[in-house]
Structure formats: C-alpha cells, structure tokens
S.K.: 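To start, I am sharing the structure in question, which I have written as structure tokens.
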Amino acid sequence: MLDLEKVNSHLESKTALERMAFGISEFEQGAVLLSSMQKTSSVLMHMFHELGVDNEIVFVDTGFHFHETLQLRDEFMRKYKLNIRTLYPTLTPEQQEEQYRCKLYQTVEGQPVCCDIRKGQPFLRYMKKEGRQLVFGGRRREEGSARANIAIVSEDPRFKGYNLNPIVDWTRDMVTDYIKTHDVPVHSLHSLCYPSIGCQCCTTPVMEGEEARAGRWRHLREDGRTGPAYCGINFTDGSGI
Ligand code: SF4
C-alpha cells in the first residue's frame with residue numbers, strides 16, 4: 001500500500017521521467033501505460049523508450065478508431081520497439097449493433113454503454129486478469145474541469161491499484177517542446193484541427209476559439225445539451241474522466 005500523502009509530496013519536485021521511474025521501481029511489471037495515441041501518450045511512450053523498460057503499453061482498439069490512430073501505434077512499435085499490447089472489446093461493432101438493435105454512440109443514453117463496452121471493460125478486464133497495479137496516464141491539470149486538481153498518484157478502486165500522471169503539472173507548451181526536442185511521432189490528425197482524438201464516429205475537428213475537447217461527442221451536444229465530457233476509461237476522485 002502506498003502512503004499517498006508521502007508519495008505525492010515526494011514526487012511533486014521530481015521530473016516526469018523520475019516519477020515514471022519511481023512507479024516502475026515500486027511495481028515492476030505491474031506498472032503499465034494506458035495509451036490513447038494522442039499527443040501526451042506520445043510523450044509518455046517516448047519516456048518508456050528513454051527509460052529502456054519493457055513494461056506493457058496498453059492500447060484499446062474500440063473498432064471505431066481513425067486508421068491514423070492505428071498507424072501511430074504501429075509506428076511506435078517499429079521505431080522504438082515498444083511492448084505495445086492491443087486490447088479488444090468482446091463484441092465486434094457489428095455484434096454490438098445487433099445485440100442492442102442500434103448504434104449506441106448515436107444517443108446520449110447509449111454513449112456511456114458503448115464507451116464502457118469498447119473502452120472501460122477491455123481495460124479493466126486486462127488490469128485484473130494480469131494483476132497490474134499501476135497505470136500511467138497523460139492527464140494534466142492545465143486541461144481544467146475534472147482534471148484541474150488531479151494528484152500525481154491516486155487510488156483506482158476499480159482494479160485496487162493506482163493511477164500515476166507523470167506530466168500532471170506540464171503546460172501545453174512543455175508537451176510541444178518535448179515532442180520537438182525528441183522528434184517524437186504524433187497523431188497526424190492533430191495538425192488538422194483535431195486537438196483531442198477518440199473514435200472516428202464521436203470526434204470532429206474544432207474551430208478557432210473552441211475548447212480542445214469541443215470536437216468530442218459534438219453530435220450529442222446538439223440542441224444545447226451538455227453531452228458527455230469523458231469516456232470514463234480514466235478514473236480520478238470518484239468518477240471516470
Ligand atoms: S467514443 Fe463513441 S464509438 Fe467510441 S466507444 Fe465511446 S461512444 Fe463508442
């Protein structure tokens with residue numbers, strides 16, 4: 001059991017790489033990285049390469065990704081020889097549509113069910129089955145909303161383990177600088193007005209002046225509805241973010 005107060009205060013003054021090294025030394029192969037193949041995931045995957053570790057990097061293939069997302073996963077495997085493991089939902093998109101008699105992602109009620117089946121469940125099944133105890137993620141406080149106050153390390157009761165966010169205090173410019181300095185590959189759609197990228201059917205580009213996540217589930221915010229903000233695969237402070 002980690003003493004979270006002590007660990008968080010110890011890690012506050014450390015670099016992102018040192019925070020990641022701490023997680024790996026504490027949990028060894030029980031520490032994994034959950035990658036969405038977005039910009040911050042590129043940074044963290046590159047840090048795995050820098051540390052020279054072969055811990056698993058898990059990527060959940062929902063079956064609805066842009067082909068550019070899968071291309072980036074393959075590029076990281078080729079370029080850095082990383083140990084990337086792809087997880088899949090138990091239902092194919094076709095089986096899901098047949099079972100639920102609709103495209104779940106098209107409705108406000110269906111979206112959380114779809115995200116749970118296609119993202120949350122495969123990830124949690126993996127964490128429990130493989131006995132993993134720590135997951136690294138790329139969330140940053142600067143993103144605001146539910147992420148504004150996240151700790152570096154926090155508990156994740158879903159698999160009785162912990163989340164560790166090594167770049168929690170990084171700014172967007174720091175992410176950009178890291179990518180430039182280390183020539184790290186990034187998702188090709190980021191440069192086409194997609195600052196935040198999820199499944200193809202639930203992601204649109206954003207217009208100037210819009211928030212970074214405005215393109216996520218835009219179709220569910222029509223008619224002034226609030227709509228979903230997160231898919232729920234990540235967890236902090238009691239809710240999926
Ligand atoms: S983002 Fe959309 S398509 Fe992807 S899992 Fe969630 S609801 Fe389904």
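Remember, it's 1-based here, ligands and their atoms both numbered in the order they're listed. What you are looking at is a predicted structure, and each value in this text was computed from that prediction instead of being measured.
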S.K.: Hey, can you tell me if W170 and Y178 have their rings parallel, tilted or perpendicular (30° and 60° cut-offs)?
M.R.: tilted
S.K.: Looking at atom 2 (Fe) of ligand 1, what's its closest protein heavy atom, distance included?
M.R.: C202 SG, 2.3 Å
S.K.: Measure from the side-chain N and O atoms of S25 to the backbone N and O of F22, and report whether any donor-acceptor pair falls under 3.5 Å.
M.R.: yes
S.K.: Just go through Y105, W217, F64 and tell me whose heavy atom is the nearest to atom 1 (S) of ligand 1.
M.R.: W217
S.K.: Could you tell me if any non-hydrogen atom of C201 lies under 4.0 Å from any atom of ligand 1?
M.R.: yes
S.K.: Counting from 1, what ligand 1 atoms have a heavy atom of Q111 closer than 4.0 Å?
M.R.: 7 (S)
S.K.: Starting from atom 4 (Fe) of ligand 1, what is the nearest protein heavy atom, named by residue and atom, and what distance separates them?
M.R.: C199 SG, 2.3 Å
S.K.: For the pair R213 (side chain) and P195 (backbone), establish whether a donor and an acceptor sit closer than 3.5 Å, ignoring hydrogens and angles.
M.R.: no
S.K.: Would you check if atom 8 (Fe) of ligand 1 lies under 2.8 Å from any N, O or S atom of C114?
M.R.: yes
S.K.: Can you hop from V53 to Y80 via hydrophobic side chains spaced under 4.5 Å?
M.R.: yes
S.K.: Sub-3.5 Å donor-acceptor pair from the side chain of R125 to the main-chain atoms of P89, do we have one?
M.R.: no
S.K.: Which of these, I167, V184, L33, sits in a side chain to side chain contact (heavy atoms under 4.5 Å, CB included) with M47?
M.R.: I167
S.K.: Within less than 2.8 Å of atom 4 (Fe) of ligand 1, any N, O or S from C115?
M.R.: no
